[in-house]
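In what follows, every chain begins at residue 1, and chains take the letters A, B, ... in the order their sequences are listed. Both backbone and side-chain heavy atoms feed into the values below; hydrogens, waters and symmetry mates do not.
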Protein chains: 6
Amino acid sequence: MSSHEVSRFGHVDLDGLPPDLAERIGAIAERSGFVPNVFRALGRRPRELRAFLDYHDALMEPADDGAGLSRAERELVVVATSGANHCTYCVVAHGAVLRIRAKDPEIADRVATNPYAVELPERERAIVDLALLVARDSEGLTDADLDTARAAGLSDDEIWDVGAITALFAMSNRLAHLTALRPNPEFFLMGRQPRA
Amino acid sequence: MSSHEVSRFGHVDLDGLPPDLAERIGAIAERSGFVPNVFRALGRRPRELRAFLDYHDALMEPADDGAGLSRAERELVVVATSGANHCTYCVVAHGAVLRIRAKDPEIADRVATNPYAVELPERERAIVDLALLVARDSEGLTDADLDTARAAGLSDDEIWDVGAITALFAMSNRLAHLTALRPNPEFFLMGRQPRA
Amino acid sequence: MSSHEVSRFGHVDLDGLPPDLAERIGAIAERSGFVPNVFRALGRRPRELRAFLDYHDALMEPADDGAGLSRAERELVVVATSGANHCTYCVVAHGAVLRIRAKDPEIADRVATNPYAVELPERERAIVDLALLVARDSEGLTDADLDTARAAGLSDDEIWDVGAITALFAMSNRLAHLTALRPNPEFFLMGRQPRA
Amino acid sequence: MSSHEVSRFGHVDLDGLPPDLAERIGAIAERSGFVPNVFRALGRRPRELRAFLDYHDALMEPADDGAGLSRAERELVVVATSGANHCTYCVVAHGAVLRIRAKDPEIADRVATNPYAVELPERERAIVDLALLVARDSEGLTDADLDTARAAGLSDDEIWDVGAITALFAMSNRLAHLTALRPNPEFFLMGRQPRA
Amino acid sequence: MSSHEVSRFGHVDLDGLPPDLAERIGAIAERSGFVPNVFRALGRRPRELRAFLDYHDALMEPADDGAGLSRAERELVVVATSGANHCTYCVVAHGAVLRIRAKDPEIADRVATNPYAVELPERERAIVDLALLVARDSEGLTDADLDTARAAGLSDDEIWDVGAITALFAMSNRLAHLTALRPNPEFFLMGRQPRA
Amino acid sequence: MSSHEVSRFGHVDLDGLPPDLAERIGAIAERSGFVPNVFRALGRRPRELRAFLDYHDALMEPADDGAGLSRAERELVVVATSGANHCTYCVVAHGAVLRIRAKDPEIADRVATNPYAVELPERERAIVDLALLVARDSEGLTDADLDTARAAGLSDDEIWDVGAITALFAMSNRLAHLTALRPNPEFFLMGRQPRA
């Protein structure tokens with residue numbers, strides 16, 4: 001039903017990548033059982049892929065001291081804003097991760113389909129509200145919006161996390177749209193079933 | 001994570017419905033294995049529920065002579081426009097039906113997340129394009145738009161099907177938003193796995 | 001100035017309808033003095049027309065106990081949301097009914113042209129505000145919006161009325177746009193003059 | 001149903017205007033049978049009212065040689081763009097004039113309610129299409145849009161007429177919204193009935 | 001980089017204008033050192049140009065008693081709304097005047113690029129907020145919006161100034177888009193440097 | 001006129017950065033004569049700043065073989081999309097660079113204020129059109145849009161450049177809005193005057 005399997009600009013497999021990227025992506029593939037298509041698509045430009053991975057790791061992995069958003073909260077930001085941006089790759093791939101991190105088989109579909117009104121606990125609702133502002137109306141963001149987030153208990157570092165992750169996926173979503181990136185088939189089912 | 005299980009206005013179970021509706025919904029429940037929540041939510045108003053069922057059946061079941069859109073195409077219209085309208089209940093419930101009808105475990109997530117650019121065969125693409133116009137910009141619909149659909153091979157009856165199903169779910173999506181309708185847990189996983 | 005008198009898909013007159021519909025629409029025509037064009041256009045699909053009439057009657061006629069919105073308030077919802085949706089048929093036809101029900105020759109033009117800011121008594125303003133949310137931004141509807149309506153004195157049943165009527169005309173407006181439905185000439189002048 | 005009869009900033013009657021304006025507006029009132037409310041509202045600022053009248057006359061009255069848009073076409077531009085801008089005063093007042101100029105009791109309601117898709121003869125459709133671009137998306141106007149208008153037979157002077165009238169009513173509509181201007185009751189019925 | 005120097009409809013130089021306009025524009029040119037292009041473009045229609053100048057002077061020059069908005073505040077309204085409307089001529093030309101009036105070389109770029117969130121003193125922020133409402137969403141303007149402006153200290157006459165100047169430039173911006181009006185080269189640098 | 005000089009989350013000067021970043025930013029500061037505020041604001045998070053610099057360099061510096069967009073074209077993409085996104089920092093800072101690269105003192109103001117209709121040579125117009133699609137409507141991007149860019153002479157690598165730079169500044173613009181980033185005063189005047 002599609003003219004390509006990965007990207008409308010083709011893709012690069014592990015053995016076509018420079019050694020440092022092959023090793024780095026290879027380690028991800030070992031954990032996942034497959035190479036996520038985003039890396040195969042961006043492999044066309046190794047220098048950009050390296051920066052992409054660095055930015056991703058800097059924002060999606062909590063600090064060693066556990067400060068800032070939890071892993072599940074970071075994925076919540078990704079799924080909510082990627083849903084608002086209609087990005088199929090990011091919704092499907094990060095939706096899988098969110099289901100696993102949040103141990104909730106329904107959360108990703110609920111958040112991605114309607115981030116605007118999905119019922120969430122207060123702190124998560126505040127995170128998603130701020131993320132949607134940054135994703136869709138960032139030109140209108142004011143101190144008053146940040147004060148609303150602070151009133152829900154978010155620290156300035158957590159606000160930065162929400163804003164910066166949203167910004168990173170404003171980029172990622174657009175790269176996925178540019179390349180017509182398709183999710184790997186494995187992502188669709190991950191985290192939907194109770195573990196045996 | 002939510003203050004209600006079905007609807008923010010409560011719900012009515014099978015045994016609380018008038019006999020004709022209890023029988024009709026009961027037959028659906030027997031086939032599905034559960035009572036879809038939309039019927040439990042609309043059960044608060046039996047007269048409206050009856051009209052809803054009649055309208056749904058008139059549009060979602062192809063004519064006996066097989067004319068008009070196929071069952072899978074009708075579900076495609078529902079999932080595409082419900083995705084554009086951010087309706088979680090309709091995306092999850094009709095997404096399940098679409099996966100089954102189209103025998104494609106990925107189609108619903110791809111269409112619902114980004115109906116605007118999802119790659120589809122030409123006829124299906126024309127169906128979704130017309131449906132999106134009716135769903136989101138119907139005030140601007142002109143003869144030229146219908147001619148575009150005709151050029152892709154749609155008959156006038158098929159165009160009516162697309163437009164009327166879209167219109168019906170413009171209503172359903174809003175009822176789901178009004179009632180904060182939650183999908184039954186069973187829908188999330190239906191049609192995602194190969195049958196044993 | 002138009003290539004058709006009723007609908008771009010043609011129309012069916014009373015004598016072309018199945019007997020039950022001919023009788024039902026005939027009774028309406030007797031009261032009005034003419035057959036409203038919506039029925040002639042939808043007559044192409046008798047099964048859909050039956051469901052349409054049932055749904056319309058279930059929502060536009062107050063319960064026998066007088067609970068819920070008044071007849072004029074129901075028409076107010078229709079005219080406000082049809083104005084926001086740019087639906088000429090519904091604005092002209094239901095505008096006529098609203099003028100008559102509200103005994104106000106100006107109300108329909110004022111509400112339909114600018115439902116967003118038309119000055120109305122508090123209860124009517126709350127009804128129109130809620131209706132506009134459901135008509136145009138239903139994905140963002142939250143409990144807080146319903147609480148605003150409750151604070152203006154609307155009961156939960158009245159809120160359902162507002163939301164469900166808006167949803168029904170989200171459908172009707174789209175059917176009218178699909179068929180390029182033209183209002184009967186009689187509607188334009190109804191309710192504009194003092195009765196002799 | 002409203003807290004004021006003319007404008008939320010009050011109004012000035014003929015005898016409160018400077019002599020030149022009293023004479024000029026008085027002549028209009030003599031022809032119409034009443035003082036249109038826009039002049040009573042803007043009378044608060046005589047200098048602005050003078051410029052408003054001058055601009056209006058320069059654009060709404062065809063040149064002596066009959067070049068440019070006809071009077072009915074000029075009113076068509078006003079009603080279409082005022083409808084798109086949801087301006088009740090301008091739709092009701094200029095709708096009355098359009099009905100009279102076009103000798104068509106339905107044209108104003110049809111154009112104002114849905115200027116985007118109302119069926120019109122080709123030249124009028126091209127006029128309205130250009131006017132809507134200038135009214136709602138003027139930042140995107142390109143030479144290609146003007147070429148489309150030229151292809152429908154509009155001269156450069158007629159294109160200027162369409163654009164400048166639209167621009168003038170972009171101002172007028174906003175002044176009406178600013179002042180919550182109410183139409184005079186007389187306008188609602190003008191031009192709706194065949195002359196005896 | 002452009003197919004014309006002034007307007008896509010050509011232009012008229014001082015010596016091609018009727019004597020009264022040549023004198024009036026000539027006086028402006030003497031002060032500025034050049035003839036602002038808007039006058040050369042509108043010179044094609046002397047009657048409209050006269051009304052344009054009158055309206056402009058009535059609104060952009062404070063009353064003799066100093067009531068109402070200051071000159072800098074009037075230019076602030078123009079730059080903010082012209083930025084929101086993406087009008088290059090008005091942003092560049094009035095941006096120059098704003099820099100001079102406000103004695104601030106950064107203010108125009110900051111306000112024009114993002115009027116929605118630019119940090120301003122409370123009174124100026126209230127002026128810009130009201131102006132943006134009138135420029136972009138005037139159909140939704142209510143008494144509550146005016147009360148917000150009043151709470152920030154604006155009098156009714158100042159509110160009228162903000163609204164009417166915004167309305168005038170809703171017109172001017174559209175005329176500039178219609179004519180693809182180019183700013184004179186001199187405007188780009190004016191007010192950016194400390195005077196020697 | 002503002003409560004901070006750099007960012008609403010404070011800033012880090014050169015001597016507060018880790019040595020590798022201090023050296024890298026220091027080299028930029030040496031060339032520019034000042035430390036661009038974006039680096040002082042992002043310095044709060046060294047790991048993110050490193051990835052930001054890497055991504056920026058990978059996309060804004062043409063390949064050694066000169067393939068892909070020219071430096072001026074890359075800045076054109078930044079200024080056009082940052083203008084559409086209302087990002088003051090990026091418009092002012094990259095506007096300065098664009099003026100210098102394109103040797104045109106007017107280009108930045110013209111492109112940033114109205115990227116939608118600014119008159120540009122065909123190749124540059126195609127670049128900006130594609131960039132605006134990716135910036136504002138990327139969910140609707142289709143093969144047909146890329147074919148339009150190809151028809152204007154863009155190679156697939158140039159299309160990737162346009163899309164990826166737009167995506168990077170979708171992120172940067174949001175980071176600037178998140179931090180309320182202020183442009184350094186030096187940027188406002190750079191490139192506006194002929195070199196002595």
Give the member of E:His177, E:His86, E:His56 that has the highest number of heavy-atom pairs under 4.5 Å with chain D. E:His177
So which part of E:Arg50 gets closer than 4.5 Å to some heavy atom of chain D, the side chain, the backbone, both or neither? neither
Please state whether the side chain, the backbone, both or neither of E:Ala135 comes within less than 4.5 Å of a heavy atom of chain D. backbone
Contacting moiety of E:Tyr55, where chain D heavy atoms sit under 4.5 Å: both
Side chain, backbone, both or neither of E:Asp57 within contact of chain D (heavy atoms, under 4.5 Å): both
Bottom line for E:Leu42: the part with an atom under 4.5 Å from chain D's heavy atoms is both
Stepwise salt bridge (Lys or Arg N to Asp or Glu O under 4.0 Å) test for E:Arg45 and D:Asp157: CA-CA 10 Å; E:Arg45 299 263 186 116; D:Asp157 259 319; 3.2 Å; yes
Nearest heavy-atom approach of E:Glu139 to D:Arg136 is OE2-NH2, 4.2 Å
Contacting moiety of E:Asp156, where chain D heavy atoms sit under 4.5 Å: both
Measure E:Arg8 against the heavy atoms of chain D and call it side chain, backbone, both or neither at under 4.5 Å. side chain
Which of the residues D:Phe52, D:Trp160, D:Phe9 is involved in the greatest number of heavy-atom pairs with chain E at under 4.5 angstrom? D:Trp160
Check each atom of E:Ile159 against the heavy atoms of chain D and say whether the ones under 4.5 Å are side chain, backbone, both or neither. both
Applying a strict 4.5 Å limit to non-hydrogen atoms, the region of E:Thr179 in contact with chain D is side chain
Whatever's closer than 4.5 Å to a heavy atom in chain D on E:Phe169 counts as neither
Does a sphere of radius 6.0 Å around CD in E:Glu23 hold more than 12 heavy atoms from other residues, nucleotides or ligands, not counting ones at 6.0 Å or beyond? no
Looking only at heavy atoms and a cut-off of under 4.5 Å, which of D:Cys87, D:Ala167, D:Ala164 has the most pairs with chain E? D:Ala167
List the steps, then state whether side chain to side chain contact (heavy atoms under 4.5 Å, CB included) holds for D:Leu59 with E:Glu48. CA-CA 7 Å; D:Leu59 278 168; E:Glu48 296 170 29; 3.3 Å; yes
What part of E:Ala180 lies closer than 4.5 angstrom to a heavy atom of chain D: side chain, backbone, both or neither? neither
Which pair of heavy atoms, one from D:Leu146 and one from E:Leu178, lies closest together, and at what distance? CD1-O, 4.4 Å
Please confirm whether the backbone N or O of E:Ser138 pairs with a side-chain atom of D:Arg174, one donor and one acceptor, at under 3.5 Å? no
Can you measure from CG (D:Leu168) to CE (E:Met171) and round to the nearest 0.5 angstrom? 6.0 Å
